[in-house]
Amino acid sequence: MQAKSYLSLERHIVKSMSFSINEYFDFGKGTPITINPEFTRNIKKVDNDSVMVNLIFCIDNENADMPFSMEVNIEGLFHLEDWEHPDRLPLIRSNSVAILFPYLRSIVTMITANANISPYVLPVMNIAAMFEQNAESKSDN
């Protein structure tokens with residue numbers, strides 16, 4: 001018997017991506033670099049059974065201390081009957097970004113590898129839990 005998933009990814013696209021190398025960065029130094037990417041999740045209603053979810057990844061090189069700056073916005077169209085119901089909304093919030101995250105990881109690695117620098121590979125992480133923790137910390141303030 002095949003398991004049936006209530007949430008399905010209908011399609012995904014890369015809405016935008018930008019990459020800029022820091023030409024003043026000394027790549028030969030071999031100094032460890034701490035990169036703290038920012039992630040954003042946006043959820044937009046399409047209809048009662050469909051929702052558009054954006055997962056945005058950003059490395060802002062505002063201080064010019066990193067080898068590059070980058071932003072990637074990936075969007076997925078998900079189907080889940082009556083997704084706004086309180087029992088189903090958590091599926092959208094957590095599972096949709098978990099589904100999109102591997103695509104995002106692949107894009108980030110591909111862009112940096114093709115830039116002829118050491119590829120930046122996003123670590124495997126529970127992105128849904130990260131969004132939950134951020135929401136909890138904001139509600140505590």
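Each residue takes its place number in the sequence, starting with 1.
- Met52 and Tyr103 end up in different hydrophobic clusters when Ile, Leu, Val, Met, Phe, Trp and Tyr side chains are linked at under 4.5 Å.
- Atom-to-atom distance recorded for Ser20:OG and Ile59:CD1 is 12.0 Å, nearest 0.5 angstrom.
- Within the 4.5 Å cutoff, side-chain heavy atoms of Ile13 are placed close to those of Arg11.
- Qualifying ring pair (Phe, Tyr, Trp, His ring centres under 6.0 Å) partners for Phe68, counting only residues two or more places apart in sequence or in other chains: Phe19.
- The ring-ring contact (aromatic ring centres under 6.0 Å, His included) analysis of residues 71-102, with sequence neighbours excluded, yields no pairs.
- In plain terms, the two heavy atoms of Arg93 and Val97 that are nearest each other are O-CG2, 3.6 Å.
- At a threshold of 4.5 Å between side-chain heavy atoms, the hydrophobic network of Ile, Leu, Val, Met, Phe, Trp and Tyr places Ile92 and Ile127 in one connected group.
- For the side-chain hydrogen bond (donor to acceptor under 3.5 Å, both in side chains) test, residues two or more places apart in sequence or in another chain that qualify with Glu10 are Ser8.
- For the atom pair CD1 (Ile43) and CG (Leu55), the distance works out to 11.0 Å, reported to the nearest 0.5 Å.
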Distance-only donor-acceptor hits, side chain of residues 108-116, under 3.5 Å, sequence neighbours excluded:
from	atom 1	to	atom 2	distance (Å)
Thr109	OG1	Arg105	O	3.1
Thr109	OG1	Tyr120	O	3.4
Thr112	OG1	Val108	O	3.1
Thr112	OG1	Thr109	O	3.1
Thr112	OG1	Tyr120	N	2.8
Asn114	ND2	Met110	O	3.2

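- With rounding to the nearest 0.5 Å, the separation of CG in Asn48 from CG in Leu80 is 11.5 Å.
- Taken from CD in Glu81 to OG in Ser50, the straight-line distance is 10.0 Å, to the nearest 0.5 Å.
- Listed by first and then second residue, the salt bridge (charged side-chain N to carboxylate O under 4.0 Å, His left out) pairs involving residues 39-58 are Lys44-Glu75, Lys45-Glu84 (not counting sequence neighbours).
- Note that the OG atom of Ser18 and the CE atom of Met70 stand 8.0 Å from one another [nearest 0.5 Å].
- By the rule that hydrophobic residues join a cluster once side-chain heavy atoms approach within less than 4.5 Å of another member, Ile35 and Val121 end up as members of separate clusters.
- Scanning all heavy atoms of the two residues, the minimum distance from Val46 to Leu77 falls at CG2-CD1, 3.9 Å.
- Partners of Asn95 by side-chain hydrogen bond (donor to acceptor under 3.5 Å, both in side chains), not counting sequence neighbours: none found.
- Summarising the geometry of Asn22 relative to Asp65, their closest heavy-atom pair is ND2-N, 4.4 Å, with the distance given to 0.1 Å.
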Run the side-chain contact (heavy atoms from CB on, under 4.5 Å) test on Ile74 and Lys15 for me, step by step, so that the C-alpha distance in whole Å, both residues' side-chain angles and the decisive distance to 0.1 Å come before the verdict. CA-CA 6 Å; Ile74 187 167; Lys15 289 286 284 189; over 6 Å; no
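- Smallest separation of non-hydrogen atoms from Val53 and Leu100: O-CD1, 3.6 Å.
- Atom CG of Asn73 sits about 4.5 Å away from atom CG of Asn54, to the nearest 0.5 Å.
- With hydrophobic clusters built from ILVMFWY side chains whose heavy atoms lie under 4.5 angstrom apart, Ile99 shares a cluster with Val14.
- Linking Ile, Leu, Val, Met, Phe, Trp and Tyr whenever their side-chain heavy atoms come within less than 4.5 Å leaves Met130 and Ile56 in two separate clusters.
- By the 4.5 Å heavy-atom criterion applied to side chains, Leu91 and Leu89 are not counted as neighbours.
- Residues Leu122 and Pro37 share a closest heavy-atom pair of CD2-CG, 4.2 Å.
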